[in-house]
Amino acid sequence: MELFEPSGGSSSVRLKIASGSENKEAAYAIAYAVEQSGVAIEMHYMGSLDIMAVLEAGGGDYDAVWPASSMWISMGDSGHIVRDSKSTSTTPVVFGIAKTKAIELGWAEGDGTTASPSTAEILDAVRSGDLSFSMTSATQSNSGASAYLAFLTALSGTDGALTAENLEDAGLTSEVASLLAGVDRSSGSSDWLKEMVVADPETHQAMVNYESLVSQANRELEEAGHEPLVAVYPSDGIAISDSPLAYVDRGQDDKVEEAFAAFQQALADDDATLALERVGRRCGLGGKLLHADDEDVQRAFSASWGIVQDASALKSVPLPAGDVIEQALTLYQTVLKKPSYTVWVVDYSGSMYGGGKEGVVSGLEQALDPQLAAASMIQPAEGDVNVLIPFAGSPGSAVVAHGSDTAGLLDEAREREADGGTDMYAGLLAALELASAAKDGGGYTVAIALLSDGVSDTMNHDAFLEAYKRTGSDIPVFSIMFGDADPTQLDELSEATNGRTFDGREGDLATVFRQVKGYN
């Protein structure tokens, strides 16, 4: 959550907005609109599916939604509670590829000018082993969903929107599965995906993400002395995100709606759109720039990064009907996405006795029980592998679950007693051995999910970090912190493995588990 307040601090209304994570980059524009409107804004960053779920549940206590694309409003607003939706900016979803790699592929020149390969040509590069890329999950993030729908539409050869009949075409789904086999890391957040690439550009030389986040990544990469990415726009269609800000009508007082209108209007004025374009958002009709002469806008849309300033490269694909989108996302999660291999390293020390263990078991059920997980579109597919390694003072035996047959793993999670000390590094060493073997096989996206509620013994600390370096593998550790867990230890693991720490100390722990599963 991020709070924006007028400098006077005297706002009588605070709007609570469910927002896509990519809007973190719009902080200057938000702060400006807050100052102009006098309205305080409480931004809650979440995935697109979460925003859709908020609307399906009646809006919760949110006053507005600000997803990356209107399709999440259309799919979620079954109760017709959304009003006054307006696009704040547009940005295409593109391939951001390291400049030397793009030149090697024949898709860029030394000055940064890029070609526009077809989706079929991109597929050929993946099949030949010349291209791998990172991408957010299509069921958890708009950038992944938008790219996936564009892949399906382009490879189907249809002139219009994707249909249910297209999704029954075995040739099409086989091609899309082959393209998605090129994914080397997944993520539940577009903004975090950008941060991951910036943190290790040598390993991650390509990503599918918003054009604006490619621009943001390049600022950080060049400041750190690394080569930039270049934006590559598929010639046969790309997805455009329209970033709509909309009011959620739950019967609030009139002053809340008036405050929303004032904030929305301020966000559309000249100074706010300048701030948005300075971070790579397009604010003119059809993707044109309103402030193309501004030096900072020119920097954000630098031709040396392959970014096309006019709208000539923005050939957008039409969005399918809502039921077709839902069908396509289910197909992605259960059949087409690259299989995942996730090792769950779970704390069963004495401090977990009672409520701690119950919370963890509930979280694992939400993430791995096929029926429960399907509600969040993270259900295990037939090719997935999930491994449970319980630990206390030492690791227990690994329990392996293939595909949707997770009942045995969950039974072990429920039945195991919580007792003994805490040595998460010993558990991580056991997990690393299994995860490294899976990574070397090349058929999975691989991750370790660590769950701990306490400060760990450190006798195996150095041994794990040294073993991790020796593997040379890009295996992230996603840590869930709850109880009295030490963020210092978990944050160190996240930094060392280019992973992420999730805070489950407050709120619904099961929700945090679902978020973690959305990253692999």
Side-chain angles (χ1 to χ4, degrees), residues 340-373 376 378-380 384-435 437-438 446-461 463-464 475 477-486 489-490 493 501-505 508-517 520:
S340 65
Y341 190 106
T342 308
V343 188
W344 300 85
V345 183
V346 180
D347 189 343
Y348 276 84
S349 62
S351 61
M352 290 289 293
Y353 184 81
K357 176 189 164 182
E358 291 172 4
V360 166
V361 169
S362 176
L364 287 171
E365 288 172 340
Q366 292 291 328
L368 299 181
D369 179 279
Q371 186 172 354
L372 295 176
S376 301
I378 55 172
Q379 63 267 44
D384 291 349
V385 177
N386 284 280
V387 183
L388 172 68
I389 295 183
F391 74 90
S394 60
S397 299
V399 182
V400 182
H402 294 276
S404 58
D405 186 13
T406 58
L409 184 154
L410 292 172
D411 285 343
E412 174 64 22
R414 296 184 194 102
E415 294 169 6
R416 188 174 184 86
E417 296 294 334
D419 185 40
T422 307
D423 188 348
M424 66 185 185
Y425 300 104
L428 288 169
L429 277 167
L432 182 62
E433 183 177 355
L434 295 173
V446 181
I448 297 172
L450 170 67
L451 300 86
S452 180
D453 79 330
V455 177
S456 175
D457 294 337
T458 58
M459 65 183 72
N460 286 296
H461 170 274
F464 170 72
I475 300 172
V477 174
F478 296 122
S479 302
I480 300 179
M481 173 174 52
F482 56 99
D484 296 321
D486 182 1
Q489 290 183 325
L490 301 184
L493 289 169
T501 302
F502 294 81
D503 193 345
R505 291 175 296 182
D508 183 8
L509 190 57
T511 298
V512 179
F513 273 75
R514 292 197 298 268
Q515 289 176 337
V516 171
K517 192 66 189 79
N520 198 45

Donor-acceptor pair, side chain of [X] and main chain of [Y], under 3.5 angstrom:
X: Y348; Y: A413; result: yes
X: T406; Y: L368; result: yes
X: K517; Y: L364; result: no

Task: Nearest atoms (heavy-atom pairs only) where E412 meets L388 - done: CG-CD2, 3.9 Å
Interatomic distance, [X] atom [atom1] to [Y] atom [atom2] [nearest 0.5 angstrom]:
X: Q379; Y: S404; atom1: CD; atom2: OG; result: 10.0 Å
X: R416; Y: D411; atom1: CZ; atom2: CG; result: 14.5 Å
X: D369; Y: L409; atom1: CG; atom2: CG; result: 11.5 Å
X: Q366; Y: L372; atom1: CD; atom2: CG; result: 5.0 Å
X: M352; Y: E358; atom1: CE; atom2: CD; result: 10.0 Å
X: Y341; Y: N386; atom1: OH; atom2: CG; result: 9.5 Å

Less than 3.5 Å apart, which donor and acceptor atoms pair up between the side chains of residues 390-403 and the rest of the protein, not counting sequence neighbours?
none

TODO: Check whether any side-chain heavy atom of F482 sits under 4.5 Å from a side-chain heavy atom of V360, and report yes or no.
DONE: yes
Hey, can you pull the donor-acceptor pairs under 3.5 Å for the side chains in residues 422-434, sequence neighbours left out?
from : atom 1 : to   : atom 2 : distance (Å)
T422 : OG1    : S349 : OG     : 3.2
D423 : OD1    : Y425 : N      : 3.2
D423 : OD1    : A426 : N      : 3.1
D423 : OD2    : N460 : ND2    : 2.8

Open item on the list: Please enumerate all residues that pass salt bridge (Lys or Arg N to Asp or Glu O under 4.0 Å) together with D384, with sequence neighbours excluded.
Closed with: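 Once residues adjacent in sequence are excluded, the partners of D384 under the salt bridge (Lys or Arg N to Asp or Glu O under 4.0 Å) criterion are K337.
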- [ ] Let me know which of V345, T342, V387 forms a side chain to side chain contact (heavy atoms under 4.5 Å, CB included) with I448.
- [x]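 Among V345, T342, V387, the one that satisfies the side chain to side chain contact (heavy atoms under 4.5 Å, CB included) with I448 is V345.
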